[in-house]
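Some notes on the structure that comes next.
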Amino acid sequence: MIPLERLDLFVVERPLVHPFRTSFGEERVRRVLLVKLSGGGDGGWGECVASLGPWYSAETVETALHVIRDFIVPLLRGAEMSHPEEFPALGSPIRGHPMAKAAVEAAIWDLYCRSKGVPLWRELGGVRDEVTSGVSIGIQENIPALIERIREFVARGYPRVKLKVKPGWDIAVLEAVREEFPGINLQVDANCAYRPGDPALLEFDRFRLLLVEQPFHHEDLLGHARLAREISTPVCLDESVTSLHRAWEALELGACSVINIKQGRVGGLTAAVKIHDLARERGVPVWCGGMLETGVGRALNVALATLPNFTLPNDISATDRYFRDDIAYPPFVLTPRGTIPAPQAPGIGVEVDEDRIRREAALHLSIPLVRVP
Ligand code: NPQ
Ligand code: MG
């Protein structure tokens, strides 16, 4: 049995190196909810990918805190789990709130793997010890500023660039970028910003893009299926794929030919692995998305991306792309091959600076899961 003795929740704020702008807003500071589960002399960590406001998805840091403290904790008390894969069934009475559940599940995986002495990526079924990196570049003030940012990241060795697009920041941008960088691996992410029928979408085919990510509303699988028949650029879903079931529906409908997997969005590592397996059976490649994670969440993403069907470059950058100093060590650095190595240490493979987290926490709740004698 996995011993679950105490759950700690920390909220910390980390300033971003650069503001990050998407079609739905701008973020300058990452407010992060961290989960620590202790038991049997070990501790495991999870990071919740929810942000301050319900813009990317319905969840926020505050809803995740509420759901973990008031609904997940009671389920953990007296729970008898022999493997982290049993957590989704335990959490199934709670409808929705995938990011809250995923953060707790991650801490269980880390605790389990640390106590077993195995790296998380091996326990998940990983087949490689480094993952292909990629960088996601937010919307900039103007095109020359964007060109300079791309130049900087290409010079650092990033093998793939993803640009955020929205109506009005798309075709002229792509023309300028392709003129300057004709050969780079390039893809775009609209974060739901287009309406079906927008003529700009048909023009994406001119730019040799690896894929176009989530052009339409998160609920609009049929719209994506229609677009996928109209353009030759592969359509990839992000926000729409919130569960294994939804991934299956999307594939049945032909709504995408690529899936962006984020463990937080789909409710945890177990669901993420299942979506990976389903896509693999169907010959659909996947890649790992990012949510501006600190070292804890970044480590989870690296572990997941070592699975065999993560064949496209991932939104997994080096730590210094987002943060000057992180809360987990050592930082992730880009290799000369354009990859991020998977840590060989047990669990998520990074050491969390708990002293610093306790000093800097804007909020700390320490909740016993067993009766203290
Ligand atoms: C995406 N991420 O693929 C997300 C969206 C995103 C790296 O492009 C704060 C917290 C700000 C989470 C901005 C990347 C965010 C965020 C964008 C997630 O769609
Ligand atoms: Mg996305």
Side-chain angles (χ1 to χ4, degrees), residues 11-34 47-64 98-99 102-103 133-140 146 149-150 153 158 160-166 169 186-194 209-218 220 224 234-242 250 256 258-266 272 286-294 296-298 300-302 304-305 312-323 332 340:
V11 175
V12 292
E13 287 193 344
R14 310 299 307 145
L16 294 170
V17 175
H18 296 281
F20 194 77
R21 188 163 1 136
T22 64
S23 60
F24 59 81
E26 186 182 87
E27 201 121 336
R28 292 166 176 275
V29 179
R30 191 79 177 95
R31 176 178 273 244
V32 200
L33 171 60
L34 296 163
E47 173 173 344
C48 182
V49 300
S51 41
L52 270 175
W55 320 129
Y56 168 85
S57 80
E59 291 181 87
T60 69
V61 171
E62 287 292 324
T63 68
M99 293 174 176
S133 186
V135 65
S136 174
I137 304 181
I139 292 166
Q140 306 292 312
L146 175 66
R149 301 243 51 208
I150 298 174
F153 287 119
Y158 283 101
R160 186 224 66 187
V161 170
K162 164 169 134 181
L163 302 181
K164 293 293 187 178
V165 291
K166 64 177 182 180
W169 179 266
L186 190 66
Q187 65 194 54
V188 295
D189 184 0
N191 289 111
C192 311
Y194 290 86
L209 303 175
L210 289 172
L211 56 89
V212 53
E213 181 179 346
Q214 196 70 45
F216 303 139
H217 191 276
H218 64 101
D220 191 9
H224 286 99
V235 172
C236 170
L237 290 177
D238 174 358
E239 284 91 329
S240 292
V241 179
T242 50
C256 62
V258 177
I259 300 176
N260 166 336
I261 300 183
K262 294 174 178 166
Q263 57 85 27
R265 193 195 66 228
V266 303
V286 304
W287 55 285
C288 183
M291 293 292 284
L292 283 53
E293 290 91 347
T294 72
V296 173
R298 198 165 299 280
L300 295 168
N301 291 346
V302 169
L304 181 62
L312 287 165
N314 305 285
D315 272 355
I316 303 175
S317 312
T319 299
D320 68 3
R321 188 261 175 269
Y322 290 114
F323 303 103
F332 290 95
I340 304 282

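Both counts, for ligands and for their atoms, begin at 1 and track the order of listing.
No hydrogens or angles considered: nothing links the side chains of Glu27 and Ser51 as a donor-acceptor pair under 3.5 Å. Under 3.5 Å, the side chains of Ser57 and Glu239 contain no donor-acceptor pair of N or O atoms.
The side chain of Asp189, and not its backbone, has at least one atom closer than 4.0 Å to an atom of ligand 1 (non-hydrogen atoms only; side chain from C-beta on). Contacts with ligand 1 closer than 4.0 Å are made by no heavy atom of Glu293, backbone or side chain.
The shortest non-hydrogen separation linking Ile259 to Cys236 is C-SG, 4.0 Å. The two residues Ala50 and Val61 make their nearest non-hydrogen contact at O-CG2, 3.7 Å. Residue Ile316 comes nearest to Ile340 through the heavy atom pair O-CG1, 3.7 Å, listed as atom of the first residue, atom of the second, then distance. Here the shortest heavy-atom pairing between Arg30 and Val49 reads NH2-O, 3.1 Å. Heavy atoms only, all atoms of each residue included: Pro234 and Leu209 are closest at CD-O, 4.3 Å. The two residues Cys288 and Asn260 have their closest heavy-atom pair at C-OD1, 4.4 Å.
Ligand 1 has no N or O atom lying under 3.5 Å from any N or O atom of Tyr322, backbone or side chain. The shortest N or O to N or O distance between Lys162 and ligand 1 is below 3.5 Å. Considering both main-chain and side-chain atoms, Phe20 never comes within under 3.5 Å of ligand 1 through any nitrogen or oxygen pair. Among the atoms of Ser136, some N or O lies under 3.5 angstrom from an N or O of ligand 1. Considering backbone and side-chain N/O of Tyr56, none are found under 3.5 Å from N/O of ligand 1.
Summary of contacts: the protein heavy atom closest to atom 19 (O) of ligand 1 is Asn191 ND2, 2.7 Å. Nearest non-hydrogen protein atom to atom 18 (C) of ligand 1 is Met291 SD, 3.5 Å. At the top of the distance list for atom 11 (C) of ligand 1, counting protein heavy atoms only, stands Leu292 CD2, 3.6 Å. Protein heavy atom at the shortest distance from atom 5 (C) of ligand 1 is Lys164 NZ, 3.7 Å. The single protein non-hydrogen atom nearest to atom 1 (C) of ligand 1 is Lys262 NZ, 3.1 Å, given as residue, atom name and distance. Atom 6 (C) of ligand 1 has its closest protein heavy atom at Phe24 CZ, 3.9 Å. Here the heavy atom of the protein found nearest to atom 2 (N) of ligand 1 is Gly290 O, 2.8 Å. Here the protein heavy atom with the shortest distance to atom 10 (C) of ligand 1 is Arg30 CZ, 3.5 Å.
With hydrogens and angles ignored, the 3.5 Å screen pairs a side-chain donor or acceptor of Arg321 with a backbone N or O of Ser136. No side-chain donor-acceptor contact under 3.5 Å links Arg31 to the backbone of Val11. With hydrogens and angles disregarded, a donor-acceptor distance shorter than 3.5 Å links the side chain of Glu47 to the backbone of Thr294.
The aromatic rings of Phe20 and Tyr322 sit perpendicular to each other, their planes meeting at more than 60°, with 30° as the lower class boundary.
Atoms of ligand 1 found under 4.0 Å from any heavy atom of Glu213, numbered from 1 in the order shown, are 3 (O). Which parts of ligand 1 touch Asp238 is read off a 4.0 Å heavy-atom cut-off, strictly below it: atoms 1 (C), 3 (O), 19 (O). Those atoms of ligand 1 with a heavy atom of Thr22 less than 4.0 angstrom away are 13 (C), 17 (C).
Side-chain atoms of Tyr56 and Thr22, non-hydrogen and from C-beta on, never get closer than 4.5 Å to each other.
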Could you go through the side-chain contact (heavy atoms from CB on, under 4.5 Å) check for Ser23 and Lys164 one step at a time?
-> CA-CA 7 Å; Ser23 60; Lys164 293 293 187 178; over 6 Å; no
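For the Mg ion (ligand 2), the count of nearby protein N/O/S atoms, taking only those under 2.8 Å, is 3.
Annotation: cation-pi geometry satisfied between Arg160 and Trp287 (NZ/CZ under 6.0 angstrom from ring centroid, within 45° of ring axis).
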